[in-house]
Every structure is written in structure tokens, then in C-alpha cells.
Amino acid sequence: MKKNVLALSIATMIGGLGFVGSASADVIVGAGTAGNMTPATATVMDFAEGGIGHALLFPYFNTQNGNMTVLHVVNTDTVNGKAMKVRFRGALNSDDILDFQVFLSPGDVWTTAVSAGSDGVAQIVTTDGSCTLPKLSKGVAQSFVQDRLNSALNADDKGNNTREGYVEMFNMADIVPGTPLFTATKHVNGVAPCTDSTLNSTLTNFSSTGTGGTSEAAARTLGFNTPTTGLVGDYYIINVAQTTTFSAGATAIRARVSTAGADGRANFVHFPQNANGAPSPDAYTADPLFRTLNVRNETGPVTVGLPVIAAANYDLPDMSTPYVTGAAIGGDAPIEQAGLLTNALAVTSITNQYANDGSISAKTDWVFSMPTRRYNVAANYAATGTTTNYRLFTDFTITGTPAVVNRFTPANTAVTNGAICVNSDGTTFYDREETSKTSGAVFSPGTVVKTRFCGETSVLSFADSGVSVLGGSVARQNVSGVYVNGWANVSTVNSIDPDYAGAQPVTSVGLPILGASFIKLANPQATANTSGTYGITWPHRFTR
């Protein structure tokens, strides 16, 4: 390749993007026109209990304090390839810190390791041979990009904001056997050709008109088809020096033909991985920083100074790009899409265990991740201060979509140290002998008495004012005054002010939260040259 599109994708300065040429956006709703792509059939998105889906959410990555996070993605489809979008987002306010595309051949596995570079900035390194665009050479580090972070931060703080976050991955399109793109990405004797000329052909836009014109035909001829399921994800956080490993599975989201139906084909949602201006982003994303319509701030609707960021092609698709079809989706398609996805993840309570037993040096961190919050509320770093226009909300009060609701509003969010925060409805702590308390625990920093979700991905340590289990520092708080060992229940009923309840008077809507309890302990009986440190990962249990 003649230029590093990966770096260009993120590093193009905000506000410097314009519309280039007459490119059209790459969502083909329904597809299947003129016999080109297979018709899309999915109308519903929900949580995939079995762990196989169209999209994957990795709730946390961490490269603090010597940690490395390793990601694995498996294409369990042994017939079709997958064109997958990968996006790393920062823990504080879900800023895009790296995105690119991965082309998985049938039965393929893609792996990468995320670590802190010598400059303190997170980086990925892969020894995997699966094709990527731009190319990620084996063993060559690619640093995360900081241009979308708050420009007011100093270099150390910017670096810190790359070292924690979450990852979203999803299938943009299937790759059909016997086509140029399939041949370019299918392993031959264990090696994928990754033909540059063919991969670069994907940098062309394809039509969103759905009229069966040459653009859909060209996309199909190249090898694209409407996306199906088949993605499985796993990750682990390893600290070699501390001989500790935590592992968990990614949350899978699937597109189904109906609420109780089988997995279906979604819309073709491929966008070129380049820095050309994305046309009509209101039609393709619910991210309030990219939109010009249905945006409000702390006091009411915003009508001027939008979009805050001029979206480029590499910004799309995202998790709100219209992926399923149905009568409910019209001109407000990405808002409806974001609502469907958030509904699938929303929970009304969180339960898990903690342990701080001194006899085994036990320590506990809980991680709370809200990977769809970005499509409800985002931080506008161009605002003066944090009281006006800093919190920009996508207004989900749209006609004809009673299932869509504003879960994050000016009334239930606040800003602390630059992070957008939302409170839980209360927390009850229990020991292991039936004793409980709802008061007396203190959350710090600050003076709140409820569990607080500050940042998109936050860490809650238990009675640990030092370097906690995960070493989190971007969006971390500590709770003291709890029992030594036990469990806790966090209420996230989230009663919404009726003024923000959307198209129907829904008041208790939950919050879209993923995460786990990470417990570290040591065996005091371990002998020399024997590892005595252990890591336990217990996923949060929820009510919906």
C-alpha cells in the first residue's frame, strides 16, 4: 500500500474533513435487488446466549501496570468469509482510538495482543496471518491514535486514556466462495494471499440506493454478500511479572428474523476504510457528535454548530448503523438501531461476588462496561467547560418507535473529571453469613453513596486505595466500609423523567451494562519456584 490508511483513518484532524467526490454510503437496506446479494431477512437484534453472533463486544481491555490483553476471534462459518470491522474505544468517553478491517476466511481465527508501548501509549501486535486493511505486519506494533481524545489533556494523560477501554467488532458483509475477494483472503496451505489490489478495491463506495444498479452488482462481483452469523470471541488479561491471568468470553449479539426466530441475514453495511468524508451521517449513525438532527444538550435541542465532528468513511459503520430491516425503521434508522441494541443489553440489576480475605491476599475489582452508551450520549471536548454543550445526547424521542427510549438524559447524568457519569439506584452489600448493609459504604473519589458508573468502562475496587487488581486508573473508584468477603447487588432500574421517556411513558428502563468481577489471590503455602498467584473471573449476573 502506498499510504498508511490505518494511521490516516484516525489521525485526520477533526474538522478538516469534507465530502469528497460523489461517493455514496455503503448500506444496502434489504439488498437482494436484481439478484445481486442475498436478501436481508433480520428484523431483530438481541443477546446471543450461546456466544455466537453477528457482532461481538469485548467489555474490557487493559494494558496498565504490566498487563497485556489478548483477543481471539473465530469465524465458525466454514463456508463464507467475513469482512469484519474492529474498533477500539477508550474507557473514559468511548473515543475511537483505533479502527480497521479484518477479513476472516472460513474457519479462520484472528488474534492480537494489546500492550503499552515504551512511550506509554497502547499498541497492538499480531503474529496472525489473516488479512487486514490497512495491513498489520506480523510482529510490528501499531500504536493507538490519540487525535480523538480531549486535546486539553497532557501527553501522559492522553497515553493513559489509550490503555483501557473496550472493543466492538461486527460482520459488515459475508465473503462469497469463488469471488476475487474470497481468493484474496482464503488461506492456501496455511497462508492467506492478502492480495493488495483486491483488498484496495474495497476502498470504493457502493450504492445505498437499493435500486439494483451497478454498484450493488459491483460489490457482489467483488465478493460481498449480506452478513450472516458465526463470530465467536474470547479474551484474557495476563500479567507475566505477577503470574496472573484473567479470561472471559466476548458478548455476542445476533440479528434474527423475528423475536423468537432463527438467525438471519442483516443489511450489507461495509464502508471504505479511508478518510474521505462520509456523506449523510445522520442516516448511518446515532453518535451525537456526528449528527445534525435529533441532538440535544443539557438544556434542550441543539440546532447550530453541528456536527461537532465531520464523520469520515472510517468512522462507519458503527454499532448503530442500520443492520436490521423492519417496518419500525425509516428515516430515523440509526436511532432505532441503537435503541434495539441497547434494549438487548439493558439490565435492571447487577450481582456478583467480592473477596478481600487477608489470609490469601485477596483483592477484587469489578468492571462495568456500557458499549452502547456512546450512541445515547457523548462528550463534546470542543465545549467551553462541562456545563453547556459538553454532554450531547441523541434524542430518541422519535415518531413510530415506542420501544426506543432515552436511557441517558441531562437529569440522570453528570460530569466528573471530564467523564460522563450515571448513578445506580442503590447498592446492597452482603457478607457470607446473611448479613447485609445498604449504608455505611463510601465510594471515593467523591462523596456519592451509590455505585457510580463514571466513564464508558469503569473499575470499582473493593477496599483498595493502592494499585488494584487490574491497575485501572482512567475511570476508577474505590468502595470502603464493606464486608471482607461477600456479594453485592447493584440496582440499575433507571427511572427516567417522563419528559425524556421517548414515544411512550416508560420510566424503568435499566442500563446497558456488561462486565465481570476480577479477583486476585495468593497461596501462602506456595514454595519457591512455584507460582502461587491466581486470577478468577466471574461474569456479572443480571436481571432484565
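Counting from 1, the numbers follow the sequence of the chain as shown.
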Notebook entry, point to check: Which is it for R148 and D99 under the salt bridge (charged side-chain N to carboxylate O under 4.0 Å, His left out) test, yes or no, and what are the steps along the way?
Noted result: CA-CA 12 Å; R148 288 281 172 84; D99 68 74; over 6 Å; no
Notebook entry, point to check: Passes side chain to side chain donor-acceptor pair (under 3.5 Å), S473 versus N160? Steps please.
Noted result: CA-CA 8 Å; S473 63; N160 190 42; 3.0 Å; yes
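- Using a 4.0 Å cut-off between charged side-chain N and carboxylate O, R89 and D96 make no salt bridge.
- Pairing each heavy atom of A346 with each of G510, the nearest pair is CB-C, 4.5 Å.
- Counting only distance, with no hydrogens or angles, the side chain of D464 and the backbone of K363 share no donor-acceptor pair below 3.5 Å.
- Among the candidates V167, I237, L514, the single residue satisfying the side chain to side chain contact (heavy atoms under 4.5 Å, CB included) test with Y60 is I237.
- Other residues, nucleotides and ligands contribute over 12 non-hydrogen atoms within 6.0 Å of the CG atom of D157.
- The shortest distance between side-chain heavy atoms of V474 and Q64 falls below 4.5 Å.
- At distances below 3.5 Å, at least one donor-acceptor pair connects side-chain atoms of T543 with backbone N or O atoms of S349.
- In this structure, OG on S94 lies 6.5 Å from OH on Y375, to the nearest 0.5 angstrom.
- The salt bridge (Lys or Arg N to Asp or Glu O under 4.0 Å) test with D287 singles out one residue from R87, R374, R373, and that residue is R374.
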Next item on the list: For side chain to side chain donor-acceptor pair (under 3.5 Å), just list the numbers for T372 and T342, CA-CA rounded to whole Å, side-chain angles, deciding distance to a tenth of an Å, and then say yes or no.
Entry: CA-CA 6 Å; T372 64; T342 303; 3.2 Å; yes
Item checked: Full working for side chain to side chain contact (heavy atoms under 4.5 Å, CB included) between V422 and F408 -> CA-CA 8 Å; V422 59; F408 300 91; 3.9 Å; yes
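- With respect to T492, the side chain to side chain contact (heavy atoms under 4.5 Å, CB included) criterion is satisfied by exactly one of V509, I513, N423: I513.
- No donor-acceptor pair closer than 3.5 Å links the side chain of R407 to the backbone N or O of P512.
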Next item on the list: Give the C-alpha distance, both sets of side-chain angles, the deciding distance and a yes or no for side chain to side chain contact (heavy atoms under 4.5 Å, CB included) between Q123 and L98.
Entry: CA-CA 9 Å; Q123 60 186 20; L98 195 69; over 6 Å; no
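- In this structure, S465 and N478 approach most closely via the heavy-atom pair N-ND2, 4.2 Å.
- Considering every non-hydrogen atom in both L56 and L231, the closest pair reads CD2-O, 3.6 Å.
- Shortest non-hydrogen contact noted between F453 and S424 is CE1-CB, 3.9 Å.
- Judged by distance alone, with hydrogens and angles left aside, the side-chain atoms of N150 form no donor-acceptor pair with the main-chain N or O of Y381 at under 3.5 Å.
- Looking at every heavy atom in both residues, H187 comes nearest to S130 through CE1-OG, 4.1 Å.
- Within the 4.5 Å cutoff, side-chain heavy atoms of W110 are placed close to those of T126.
- Considering L521, T244, N239 in turn, T244 is the only one that fulfils the side chain to side chain contact (heavy atoms under 4.5 Å, CB included) rule with T533.
- Using a 4.5 Å heavy-atom cutoff, the side chains of L199 and C194 are in contact.
- In this structure, the separation between SG on C421 and CG on N412 is 11.5 Å, given to the nearest 0.5 Å.
- The side-chain heavy atoms of D95 and N93, taken from C-beta on, include a pair separated by under 4.5 Å.
- Side chains of F518 and W538 form no contact here, defined as non-hydrogen atoms less than 4.5 Å apart.
- For D431 against E434, the heavy-atom pair with the smallest separation is OD1-N, 3.2 Å.
- The main-chain N or O of T111 is found under 3.5 Å from a side-chain atom of D128 such that the two form a donor-acceptor pair.
- A donor-acceptor pair is defined here as one N or O able to donate and one able to accept, closer than 3.5 Å; no such pair exists between the side chain of K437 and the backbone of Y483.
- Remark: F61 CZ to F88 CZ distance equals 6.5 Å, nearest 0.5 Å.
- Listed for the N67 side chain is a donor-acceptor partner under 3.5 Å among the backbone atoms of L470.
- Donor-acceptor pairing under 3.5 Å is lacking for the side chains of D234 and H72.
- Judged by distance alone, the side chains of T69 and N62 never bring a donor and an acceptor atom under 3.5 Å apart.
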Next item on the list: Might you work through the side chain to side chain contact (heavy atoms under 4.5 Å, CB included) test for N376 and T394, ending with a clear yes or no?
Entry: CA-CA 5 Å; N376 292 249; T394 300; 5.9 Å; no
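- In this structure, the side chains of Q101 and H270 come closer than 4.5 Å at one or more pairs of heavy atoms.
- To the nearest 0.5 Å, atom NZ of residue K85 and atom CE of residue M169 are 12.0 Å apart.
- Counting only heavy atoms from C-beta outward, the side chains of P371 and L345 approach each other to under 4.5 Å.
- Checking side-chain atoms of N171 against main-chain N and O of T228 turns up a donor-acceptor pair under 3.5 Å.
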Note to self: Under the criterion side chain to side chain donor-acceptor pair (under 3.5 Å), I'd like the reasoning laid out for D108 against N75: C-alpha separation, chi angles, the key distance, then a yes or no.
What the structure shows: CA-CA 5 Å; D108 192 13; N75 177 18; over 6 Å; no
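- Separation of atoms CZ (R432) and CG (D357) is listed at 7.0 Å; rounding is to 0.5 Å.
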Checklist line | Trace of the side chain to side chain contact (heavy atoms under 4.5 Å, CB included) decision for W366 with Y354 | finding: CA-CA 8 Å; W366 282 12; Y354 61 90; 4.3 Å; yes
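- Atom OG1 of T427 is separated from atom CG of L460 by 8.0 Å, given to the nearest 0.5 angstrom.
- Checked by atom type and distance alone, the side chain of D365 never pairs as donor or acceptor with a backbone atom of V459 at under 3.5 Å.
- Contact of the L104 side chain with the D77 side chain is not registered, since no non-hydrogen atoms from C-beta on lie closer than 4.5 Å.
- Judged purely by atom type and a 3.5 angstrom limit, N356 has no side-chain atom pairing as donor or acceptor with the backbone of N485.
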